[in-house]
Amino acid sequence: MQLKIENLSKTYSNGVKALNNVSLTINQGMFGLLGPNGAGKSSLMRTISTLQEADQGSIYLDELDVLKEKESVRRLLGYLPQDFGVYPKINAEEMLTHIASLKGINGSERKESVGALLQRVNLYKDRKKNLGTYSGGMKQRFGIAQALLGNPKLIIVDEPTAGLDPAERNRFYNLLSEIGDNTIVILSTHIVEDVRTLCTDFAIICQGELLRHDHPEEAVEELNGKIYVKSVDKSDIEQIRNQEQVISVQMKSGRLSVRIYNDSTPMQGFIPVAPILEDVYFHQISGKVDVVTI
Ligand code: ADP
């Protein structure tokens with residue numbers, strides 16, 4: 001199974017060009033979508049999920065014309081939106097049963113899938129509790145259960161770990177990575193290193209444009225020997241910015257840890273470090289947007 005996006009563009013009625021001629025082919029497995037706020041990630045995900053129209057371009061899931069055959073796509077799709085709201089006064093089992101009916105799953109099959117999914121996301125013992133009493137992590141696990149109803153072949157999750165603590169985040173990712181091999185999972189996140197751990201492929205979009213499509217390990221490899229770091233005082237930062245390509249600046253024990261990109265010899269005092277995917281990300285978007293990390 002393959003998702004093929006070609007020349008996709010979208011301008012909202014307020015004039016914002018959210019997608020600008022995006023072409024991208026996504027294969028089975030976990031695919032990470034990175035980009036700063038306002039890059040167009042949600043617009044892209046909503047368009048693939050048949051929830052909004054594009055102005056131009058095409059999306060095919062194998063032979064299926066996603067922008068035209070919406071009903072068929074919805075049967076194959078599991079979607080966990082960024083602002084997944086729950087009805088607080090209904091319990092997980094009832095809600096999941098209701099969503100299953102909407103997806104056209106009925107009878108004994110419905111009862112079985114609802115039970116199995118509640119087990120899978122580890123909410124079976126809490127299935128009779130109202131969703132309003134669930135923690136953030138439980139709500140997200142419920143969200144993934146509803147997205148998995150009907151064995152979707154295309155799963156889209158938009159910033160699913162926002163608001164989760166690290167343990168909940170790990171549990172959530174374990175769940176996602178257990179999803180079958182013959183499924184496409186598109187994951188948008190702000191946690192760049194999670195993409196390296198989880199995804200076989202990733203893309204960076206910025207200001208509606210696709211800047212990069214690559215494998216995380218290969219992208220990191222490319223920066224080998226080109227990333228340097230130095231701990232400096234705040235007052236030094238201006239001079240460094242004038243001379244070096246600063247990738248990120250982080251506060252560390254009261255001083256600033258500056259990471260730079262340099263493919264020859266950097267200023268004195270900078271030491272080489274192993275690159276990480278975040279370097280790839282910041283290097284790629286620098287110049288496009290102001291990267292203010294401090
Ligand atoms: P991301 O998910 O990467 O943060 P979005 O796709 O939500 O980006 O937004 C891309 C751009 O489109 C932003 O400038 C945003 O303000 C704008 N935008 C998103 N949705 C709408 C909408 N319904 N109407 C008008 N502008 C929108």
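As the structure is a prediction and not an experimental result, all values here were calculated from the model. We're numbering straight along the sequence, starting at 1. Every heavy atom of this structure was used, including side-chain atoms; hydrogens, water molecules and symmetry mates were not.
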Is there a donor-acceptor contact under 3.5 Å from the side chain of [X] to the main chain of [Y]?
| X | Y | result |
| --- | --- | --- |
| E193 | L277 | yes |
| K4 | L61 | no |
| H215 | T200 | yes |

Next on the checklist: R255 vs S231, test: side chain to side chain donor-acceptor pair (under 3.5 Å). Steps then yes/no.
Outcome noted: CA-CA 6 Å; R255 282 168 69 82; S231 170; 3.0 Å; yes
Checklist entry - Would R169 count as a cation-pi partner of F172, with NZ or CZ less than 6.0 Å from the six-membered ring centre and within 45° of the ring normal? => result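 Not flagged: R169 not positioned over aromatic ring of F172.
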Checklist entry - Do the ring centers of Y281 and H190 come within less than 6.0 Å of each other? => result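 Between H190 and Y281, which both carry aromatic rings, the centre distance is not below 6.0 Å.
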Step through the shown structure and confirm whether more than 12 heavy atoms of other residues, nucleotides or ligands are within 6.0 Å of [atom1] on [X].
| X | atom1 | value |
| --- | --- | --- |
| N151 | CG | no |
| K111 | NZ | no |
| Y12 | OH | yes |

Checklist entry - Do the non-hydrogen side-chain atoms of F270 and I260 ever get within less than 4.5 Å of each other? => result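 Side chain of F270 against side chain of I260, heavy atoms only: contact under 4.5 Å found.
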Checklist entry - How about E168 and S135: do any of their side-chain heavy atoms sit closer than 4.5 Å? => result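 They are in side-chain contact.
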Checklist entry - Passes side chain to side chain donor-acceptor pair (under 3.5 Å), N130 versus N91? Steps please. => result CA-CA 4 Å; N130 284 352; N91 76 40; 5.3 Å; no
Item to check | Parallel, tilted or perpendicular: ring planes of H283 versus Y261, cut at 30 and 60 degrees | outcome: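 If you compare the ring of H283 with that of Y261, the planes turn out parallel.
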